[in-house]
Amino acid sequence: MPPWIDLYREKNLVNVANVDHVVMVTFETQGSRDEVYNHYFDKFSNEENFSSFRANRDIISFVRDGYGIKITLIDSTRNRWSLEYHRQMI
């Protein structure tokens with residue numbers, strides 16, 4: 001995982017999987033939903049191709065240093081997030 005990607009206030013690393021060159025990290029965090037979302041929004045909102053979506057789920061995606069990143073809230077009751085990344089092919 002690139003060193004600048006952090007698992008914000010991680011309390012439990014649930015799973016790490018690799019599918020078709022995409023690494024998927026699932027983790028639970030001590031931070032609240034808004035705290036975690038705002039952390040990633042503030043840290044990465046100036047990156048290339050940044051987009052965010054808040055409705056039923058919180059989703060942030062962007063490109064940085066040749067990596068495509070997607071951060072998604074997958075279970076709000078456990079504050080469980082997934083962070084997916086893959087190397088962009090040019």
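Residues take their numbers from the sequence shown, with the count starting at 1. In this text, all values refer to a predicted model and were calculated from it rather than measured experimentally.
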From OG1 (T72) to CZ (F53), nearest 0.5 Å = 11.0 Å
Under 4.5 Å between side-chain heavy atoms, hopping through other hydrophobics if needed: is there a path connecting V22 to L83?
-> no
Honestly curious: do M1 and I71 fall in one hydrophobic cluster under the side-chain, below-4.5 Å linking rule?
-> yes
Looking only at heavy atoms, the pair that brings N46 and K43 closest together is OD1-O, 4.0 Å
With the side chain counted from C-beta on, respond yes when F27 and N12 share a heavy-atom pair under 4.5 Å apart, and no when they do not.
-> no
Would you tell me whether E84 and H86 have side-chain atoms, one donor and one acceptor, within less than 3.5 Å of each other?
-> no
So, Y37 versus S32: side-chain donor-acceptor pair below 3.5 Å or not?
-> no
Heavy-atom side-chain proximity of V23 to V25 below 4.5 angstrom | yes
Please table the atom pairs, donor to acceptor, closer than 3.5 Å between any side-chain atom in residues 14-21 and protein atoms at least two apart or in another chain.
none

Can you find a heavy atom in the side chain of W81 that is under 4.5 Å from one in the side chain of Y8?
-> no
Does the side chain of T29 come within less than 4.5 Å of R9's, by heavy atoms?
-> yes
Donor-acceptor contacts under 3.5 Å from residues 57-67 side chains, at least two apart:
from : atom 1 : to  : atom 2 : distance (Å)
D58  : OD1    : R33 : NH2    : 3.3
D58  : OD1    : R54 : NE     : 2.6
D58  : OD1    : R54 : NH2    : 3.4
D58  : OD2    : R33 : NE     : 2.7
S61  : OG     : S51 : OG     : 2.8
D65  : OD2    : W4  : NE1    : 3.1
Y67  : OH     : R87 : NH2    : 3.4

Identify whether L73 and L7 are in the same connected component of the hydrophobic contact network (ILVMFWY, side-chain heavy atoms under 4.5 Å).
-> yes
Sub-4.5 Å side-chain heavy-atom contact between Y40 and S45 | no
